Amino acid sequence: MFNAKVTAIFRHELASKRRSPSLWLLFFMMQCLLMIALFTGWQQYQKSVSSQSAAQNLVEAQWLAQPDRHPHRVAHFGHFAFREPSVLSFFDVGVNSWVGDSIFLEAHKQNSANFANDQDAGSLLRFSELSSANVLLLIWPLLIIAMGFASISAEQSSGTLRQLMSMGVSFRQVIFGKSLSYLLLSLIFILPVFVLALLLAHISGLQLSSEEPLRLMILFFVFLGYCVFWIGITLIVSSWVKSPKQALVLLTSIWFILTILMPRILAEFAHTQHPHKARNDFELVIKLDNRKIGNSHNPNDPYFNQFKADTLKKYNVDTIEQLPVNYRGLVMIEGERLNAEVYKKHYQAQLEQFSKQHAVIRAFYWLNPYLFVRDFSMALTRTDSQHFLDFEQQAEAHRYARIQKLNELHTHKIHLHNDRAQKVSKSYWQEFEPFHYQAPNLSWSLKAFSFFWLLPLLAIALIFTCLVSAPMQRRIYATV
Amino acid sequence: MQLFKLECKRLFAGFINKIVLILFVVAGLFAIYQGAQGYKSIRVDQYKSQVVFQKEREHVSQRENLPEAGSLAYYASSPTQWQLGPWAALFVGESRTAMTALKVSALSLQSQIYNREFINPTQQRAGGLDLGFVLVYLLPLVIGILTVTLISDEQHAGRWRMLNALPKSAFSLILKQLLLRFAVIWGLVAGLLLTAAWALAIKLDALFAFVLIACTVYMLFWFALAAWLMSLGKSSVFNSLAFLSSWVLLAILIPGAIHLFLSQQFNSNTPLQITLQQRMTMNDGWDKDKQAALDAFLKHEPTWQNTAPLGEAFDWKWYFAQQHLSDIAVEQAWQSYLQNLDARQTSLNNLSKLSPTLFFQLKLNQLANTAEQDRQSYLKEVAQYHQQVRHYFYDFLFFAKPISKIDIENFPLFQAKQPAAKIELVALFSSALLVLFVAALALFRLRRVSPV
């Protein structure tokens with residue numbers, strides 16, 4: 001396959017692109033755009049890291065500086081969990097604008113992550129941010145189209161294809177040579193931004209585990225594959241449609257449908273098919289379920305009366321005053337446990353709806369690799385919903401552990417008699433571990449994709465098979 | 001007439017033309033359907049919140065012993081609503097990510113207003129598809145595909161020179177073709193808007209006419225741009241690429257750059273700092289002199305200054321005084337945050353003039369009361385209502401008045417302000433004038449395109 005003829009076509013195509021001043025201009029402008037996107041993304045990332053870690057340090061200090069207090073007071077004082085942006089978030093901002101960075105952790109209540117950065121999103125973020133990943137996903141395909149829409153159709157209409165074929169060059173060789181040249185151009189185009197991203201990731205240092213370069217490398221190959229997909233589409237349309245102008249219009253229409261229309265329609269459709277609960281509904285069902293279980297503050301509550309009887313039996317005493325521990329603390333522990341269970345049940349139901357919504361989108365990976373690359377890139381840079389939800393769950397686990405530890409203090413260090421007036425020593429506050437979000441590793445990040453990465457590859461393979469297939473060749477040979 | 005028929009045939013003959021027009025209509029209908037669904041769920045949420053509140057209120061008044069005022073104030077949260085008309089179904093703006101039925105209680109305001117709607121962030125990342133999107137972003141591409149190669153196609157086919165030789169100039173022919181396309185697309189836009197009006201029971205009033213005229217002006221802008229590109233006399237491919245680049249610039253790059261600029265300029269973590277400080281003030285209050293706190297509170301709320309001094313035991317009135325003090329402690333930061341948001345809006349409104357696309361999008365959202373400004377004024381309404389709720393409870397808390405069933409019946413409810421009609425005639429006229437000027441210029445140039 002790879003022979004002198006292919007090389008000649010490859011060289012010729014490169015040379016013709018090199019001579020085009022408008023392509024140079026577009027290339028240059030796109031590189032500028034990418035660099036601006038990368039750099040501002042990096043600035044935002046650094047700003048966000050420093051403000052998050054400052055806030056995290058502040059709340060830790062506030063926690064440690066507490067005076068002697070009743071543990072339940074401290075449980076209401078609560079704590080905060082912060083989500084530091086992931087190292088590569090400056091490359092792909094993902095869903096970060098839409099989700100909050102911090103969660104207030106308190107007793108009895110699971111709060112939402114607040115303070116998202118999405119002011120004016122309804123008018124400014126309709127094409128998402130100008131991040132490097134987004135530029136590569138949305139705009140770079142347009143440049144591939146601009147480079148290649150005429151590659152076959154123009155040769156056909158100007159008659160050069162006929163000459164080539166009369167010289168014994170097969171159509172396959174033409175396709176192969178041209179694809180290679182566009183691939184090389186794509187490589188030259190996208191490599192700088194990845195190198196720079198690696199450099200910036202290295203500068204931002206601290207967190208850089210050995211995984212980040214690997215993630216970037218995979219990302220690079222995924223984007224290269226994405227380029228191959230668009231090269232394939234461009235060549236196939238250019239071969240099938242006779243006039244260059246029509247090829248261009250058709251290609252831009254395909255671009256519009258795949259990258260702009262379809263993702264939106266699918267997302268909206270998935271939401272209507274598998275709706276999740278709105279905040280008010282979600283909180284209402286939790287409240288009602290909690291009420292069903294019982295009210296620990298109500299002395300005549302059946303559930304907690306049973307709990308009381310069981311506790312008395314367990315310690316083999318007759319009244320709660322005789323218990324070696326503080327009964328109110330035990331009630332707190334039990335209440336928190338039940339409450340967390342109820343929350344978890346409904347939260348899981350929400351997550352299920354989310355994943356059903358996502359399944360609808362995933363079902364189209366094979367047809368529209370844009371969707372795949374978008375999601376894959378967000379997963380690799382740890383900026384997709386999955387990672388955000390993981391943060392929420394880690395924060396909830398931390399909240400639960402922290403509150404229960406306080407409830408243990410309540411049970412063992414506070415006496416039942418005159419409970420509210422007592423305090424425990426501030427030295428206990430030093431024994432609490434600070435919250436640190438544990439960023440998941442690569443295999444976790446990609447587990448949602450299991451074998452889905454095969455689908456877009458299949459799509460690419462299909463496109464190129466079509467390109468060199470017999471009907472396509474017949475069509476080409478018939479018209480030259 | 002014959003010519004008209006011929007032109008119609010030509011317009012609908014092209015495979016791509018047909019596909020593009022069908023796509024436009026289908027996307028529009030889908031957007032209207034989705035918008036109606038989303039709007040319905042907002043209304044259901046708002047309505048449900050009121051029903052739930054009524055139920056809770058009945059539940060409380062049916063109890064034999066009414067709860068003490070402090071405990072009631074602690075647990076009772078009442079619904080508010082972001083007043084949204086049916087236009088919000090078509091131009092969704094911020095209404096799908098922000099809370100539209102926030103509940104507030106008499107506890108500190110700052111601990112309640114930052115709650116967010118439960119969203120699937122992936123869905124938001126995709127960008128959403130409302131009728132606004134179809135009109136603002138898809139419409140220009142339809143115009144481009146149908147018009148921008150009109151002359152160059154004639155040139156390519158070799159008819160241009162011939163047409164120019166005819167007694168009726170080629171210009172008038174091109175003008176007719178443009179008018180036909182304008183009429184067809186305008187008809188589709190009007191059809192979509194009428195369908196939406198029918199589906200959502202939108203009144204065909206001045207506002208509707210305003211939207212339709214605004215759409216017409218916006219269409220005219222893209223037609224003018226296409227005509228100007230045609231007048232350059234370049235090839236079809238050049239024209240198509242130039243039109244597409246303009247679209248990418250105006251629709252994606254300029255708004256993206258403005259977003260970057262605004263986030264650099266105005267983003268602050270003030271809400272977080274406010275929350276942290278408010279929480280500290282509230283909690284430190286437990287370890288401080290409670291009578292001093294109450295006195296400080298009464299300076300801010302002199303209406304209740306004749307309240308009895310605090311005793312030894314826990315007193316709800318101290319608790320709610322401290323809640324309010326924690327709000328006061330961050331009042332300045334809150335006000336400066338609101339000012340920051342205002343400044344951001346002003347900046348955005350000014351910068352949006354760089355891109356007609358963004359400008360139109362903003363205006364549509366403002367018209368539907370779903371823009372960021374509207375979210376902010378809703379927040380301010382919530383803040384006012386919060387004060388009403390607070391003051392309602394203060395009588396019982398500070399004057400030790402027992403709460404009665406009648407009092408519970410008289411609990412103040414949130415009154416949503418009817419948003420003022422947002423027909424911005426000045427903005428419409430000035431942009432119409434500007435667009436007409438550009439269009440006239442383009443036509444003038446078009447007239448002089450030499451026969452090639």
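Please read these numbers as outputs of a predicted model, since none were measured by experiment. Side chains included, hydrogens not; waters and symmetry mates left out as well; all remaining heavy atoms used. Below, chains carry the letters A, B, ... as their sequence lines are ordered, and counting in each starts from 1.
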Engineer: Pick whichever of B:I252, B:L262, B:I254 has the most heavy-atom pairs under 4.5 Å with chain A.
Structural biologist: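 Most heavy-atom pairs under 4.5 Å with chain A: B:I252.
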
Engineer: Identify which of B:V136, B:L276, B:N239 forms the greatest number of heavy-atom pairs closer than 4.5 Å to chain A.
Structural biologist: B:L276

Engineer: Is it the case that the side chains of B:D130 and B:Q34 hold a donor-acceptor pair, with the cut-off being a distance below 3.5 Å and no angle test?
Structural biologist: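 No.
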
Engineer: Name the member of A:D281, A:L33, A:I265 that forms the most heavy-atom pairs with chain B at distances under 4.5 Å.
Structural biologist: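 Answer, by heavy-atom pair count under 4.5 Å with chain B: A:I265.
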
Engineer: So for A:N114, is it side chain, backbone, both, or neither that comes closer than 4.5 Å to the heavy atoms of chain B?
Structural biologist: both

Engineer: With a sphere of 6.0 Å drawn around CZ of A:F269, does it hold more than 12 non-hydrogen atoms of other residues, nucleotides or ligands?
Structural biologist: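 Check fails, neighbour count at 12 or below.
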
Engineer: What option among A:I139, A:I260, A:D118 has the most heavy-atom pairs under 4.5 Å with chain B?
Structural biologist: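 Highest number of pairs under 4.5 Å: A:D118.
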
Engineer: Heavy atoms only, distances under 4.5 angstrom: which of B:L129, B:N283, B:N365 has the most pairs with chain A? Name it, please.
Structural biologist: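 Ranked by heavy-atom pairs under 4.5 Å with chain A, first place is B:N283.
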
Engineer: Given a strict heavy-atom distance threshold of 4.5 Å, which part of B:D287 is in contact with chain A: side chain, backbone, both, or neither?
Structural biologist: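 Interface part for B:D287: side chain.
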
Engineer: Under a 4.5 Å cutoff for heavy-atom pairs, which residue among A:K47, A:H358, A:R69 has the most contacts with chain B?
Structural biologist: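 Of the options given, most contacts go to A:R69.
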
Engineer: Who wins among B:T370, B:L348, B:V248 for the most heavy-atom pairs under 4.5 Å with chain A?
Structural biologist: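 Among B:T370, B:L348, B:V248, the one with the most close pairs to chain A is B:L348.
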
Engineer: Can you see whether B:Q50 engages B:Q46 through a side-chain donor-acceptor pair at a distance of less than 3.5 angstrom?
Structural biologist: no

Engineer: Using distance alone, with no hydrogens and no angle criterion, decide if A:Y347 and A:E392 have a side-chain donor and acceptor under 3.5 Å apart.
Structural biologist: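 A donor-acceptor contact under 3.5 Å links the two side chains.
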
Engineer: Decide if atom CZ of B:F53 counts as having more than 12 heavy atoms of other residues, nucleotides or ligands within a radius under 6.0 Å.
Structural biologist: yes

Engineer: Non-hydrogen atoms of chain A under 4.5 Å away: do they reach the side chain of B:V52, the backbone, both or neither?
Structural biologist: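 It is the side chain, since no backbone atom gets that close.
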
Engineer: So which part of A:Q350 gets closer than 4.5 Å to some heavy atom of chain B, the side chain, the backbone, both or neither?
Structural biologist: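 When you check distances to chain B, only side chain atoms of A:Q350 fall under 4.5 Å.
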
Engineer: Quick check for you: among A:G122, A:P67, A:P263, which has the greatest number of heavy-atom pairs under 4.5 Å with chain B?
Structural biologist: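 Result: the option with the highest number of such pairs is A:G122.
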
Engineer: Considering only heavy atoms, which portion of A:T40 lies under 4.5 Å from any heavy atom of chain B: side chain, backbone, both, or neither?
Structural biologist: both

Engineer: Of the backbone (N, CA, C, O) and the side chain (C-beta and beyond), which part of A:V135 lies under 4.5 Å from a heavy atom of chain B, both, or neither?
Structural biologist: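 Contact with chain B: none, neither part.
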
Engineer: Shorter than 4.5 Å, heavy atoms on both sides: which option in B:G256, B:S95, B:A126 has the most such pairs with chain A?
Structural biologist: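 Top count of heavy-atom pairs under 4.5 Å with chain A: B:A126.
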
Engineer: Check this for me: does any side-chain nitrogen of one of B:R116 and B:E94 sit under 4.0 Å from a carboxylate oxygen of the other?
Structural biologist: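 Here B:R116 does not pair with B:E94 in a salt bridge, since their nearest N and O are not under 4.0 Å apart.
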
Engineer: Parallel, tilted or perpendicular: which fits the ring planes of B:F118 and A:F282, with parallel below 30° and perpendicular above 60°?
Structural biologist: perpendicular

Engineer: Quick check on B:L358 against chain A: is it the side chain, the backbone, both or neither that has a heavy atom closer than 4.5 Å?
Structural biologist: side chain

Engineer: At a heavy-atom separation under 4.5 Å, does A:H70 approach chain B through its side chain, its backbone, both, or neither?
Structural biologist: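 For A:H70, no heavy atom lies under 4.5 Å from chain B.
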
Engineer: Please state whether the side chain, the backbone, both or neither of A:L58 comes within less than 4.5 Å of a heavy atom of chain B.
Structural biologist: side chain

Engineer: Below 4.5 Å from any heavy atom of chain A, which atoms of B:Q124 appear? Answer side chain, backbone, both or neither.
Structural biologist: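 Both the backbone and the side chain of B:Q124 come within 4.5 Å of chain A.
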
Engineer: Report which part of A:A247 has an atom under 4.5 Å of a heavy atom belonging to chain B: side chain, backbone, both, or neither.
Structural biologist: neither

Engineer: Would you please say whether a donor-acceptor pair under 3.5 Å links the side chains of A:K245 and B:T149?
Structural biologist: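 Note: A:K245 and B:T149 side chains meet the donor-acceptor criterion.
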
Engineer: I need the residue from A:Q66, A:H276, A:Q246, A:R73 with the largest number of non-hydrogen atom pairs under 4.5 Å to chain B.
Structural biologist: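 With the most close heavy-atom pairs to chain B, the winner is A:R73.
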
Engineer: Counting only heavy atoms closer than 4.5 Å, note whether A:Q357 contacts chain B via side chain, backbone, both or neither.
Structural biologist: side chain

Engineer: Are A:N134 and A:E129 linked by a side-chain donor-acceptor pair shorter than 3.5 Å?
Structural biologist: no

Engineer: Counting only non-hydrogen atoms closer than 4.5 Å, does B:L341 touch chain A with its backbone (N, CA, C, O), its side chain (CB onward), both, or neither?
Structural biologist: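 The side chain, not the backbone.
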
Engineer: Taking NZ, NE, NH1 and NH2 as the nitrogens, is one of them in A:K109 or A:E283 under 4.0 Å from a carboxylate oxygen of the other?
Structural biologist: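 No, no charged N to carboxylate O under 4.0 Å.
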
Engineer: Should A:K277 and B:D45 be marked as a salt bridge (charged side-chain N to carboxylate O under 4.0 Å, His left out) after you check the CA-CA gap, both sets of side-chain angles, and the distance that decides it?
Structural biologist: CA-CA 10 Å; A:K277 283 198 169 66; B:D45 186 22; over 6 Å; no

Engineer: Is it the backbone or the side chain of B:I145 that comes under 4.5 Å from a heavy atom of chain A, or both, or neither?
Structural biologist: side chain

Engineer: Could A:K426 and A:D68 be called an ion pair, given the rule that one side-chain N must be under 4.0 Å from one carboxylate O?
Structural biologist: no

Engineer: Taking side chain to side chain contact (heavy atoms under 4.5 Å, CB included) as the criterion, tell me which of A:L125, A:L124, A:L130, A:D120 meets it with B:P255.
Structural biologist: A:L124

Engineer: So what's closer than 4.5 Å to chain B heavy atoms on A:L142: side chain, backbone, both or neither?
Structural biologist: side chain

Engineer: Any chance the side chains of A:N96 and A:R83 put a donor and an acceptor closer than 3.5 Å?
Structural biologist: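 Checked: A:N96/A:R83 side chains pair up, N/O donor to acceptor below 3.5 Å.
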
Engineer: Has B:R279 got its NZ or CZ under 6.0 Å from the middle of the six-membered ring of A:F104, at an angle within 45 degrees of the ring axis?
Structural biologist: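 No, B:R279 does not sit over the ring of A:F104.
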
Engineer: Please identify, among A:G100, A:A421, A:G78, the residue contributing the most non-hydrogen atom pairs under 4.5 Å to chain B.
Structural biologist: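 The candidate making the most pairs under 4.5 Å is A:G78.
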
Engineer: Taking B:T275, B:V92, B:V20, B:N269 one by one, which has the highest count of heavy-atom pairs under 4.5 Å against chain A?
Structural biologist: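 The residue among B:T275, B:V92, B:V20, B:N269 with the greatest pair count is B:T275.
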
Engineer: Checking heavy atoms, do the side chain of B:R96, its backbone, both or neither come under 4.5 Å from chain A?
Structural biologist: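 Contact with chain A is absent: no heavy atom of B:R96 under 4.5 Å.
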
Engineer: Heavy-atom distance under 4.5 Å to chain B: side chain of A:L248, backbone, both or neither?
Structural biologist: side chain

Engineer: Between A:L389 and chain B, with a heavy-atom cut-off of 4.5 Å, which part of the residue counts as in contact: side chain, backbone, both or neither?
Structural biologist: neither

Engineer: Tell me, for A:L371 versus chain B, whether the close heavy atoms (under 4.5 Å) come from the side chain, the backbone, both or neither.
Structural biologist: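 Nothing of A:L371, per the 4.5 Å heavy-atom cut-off to chain B.
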
Engineer: Compute both the distance and the angle, then confirm whether A:R420 meets the cation-pi test with B:F314: under 6.0 Å from the six-membered ring centre, within 45 degrees of the axis.
Structural biologist: yes

Engineer: Under a 4.5 Å heavy-atom cut-off, does chain B meet the side chain of A:I145, its backbone, both or neither?
Structural biologist: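 Interface part for A:I145: neither.
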
Engineer: Please classify the contact between A:Q43 and chain B as side chain, backbone, both or neither, with a heavy-atom cut-off of under 4.5 Å.
Structural biologist: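 Contact with chain B involves the side chain of A:Q43 alone.
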
Engineer: Taking the six-membered ring for Trp, are B:Y137 and A:F127 closer than 6.0 Å centroid to centroid?
Structural biologist: yes

Engineer: Going by atom types only, do A:R126 and B:Q361 share a side-chain donor-acceptor pair under 3.5 Å?
Structural biologist: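 Their side chains do contain a donor-acceptor pair, which is all the 3.5 Å distance test asks for.
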
Engineer: Should the ring pair A:F80 and A:F82 be called parallel, tilted or perpendicular, given that the plane angle runs from 0 to 90° and is split at 30 and 60?
Structural biologist: parallel

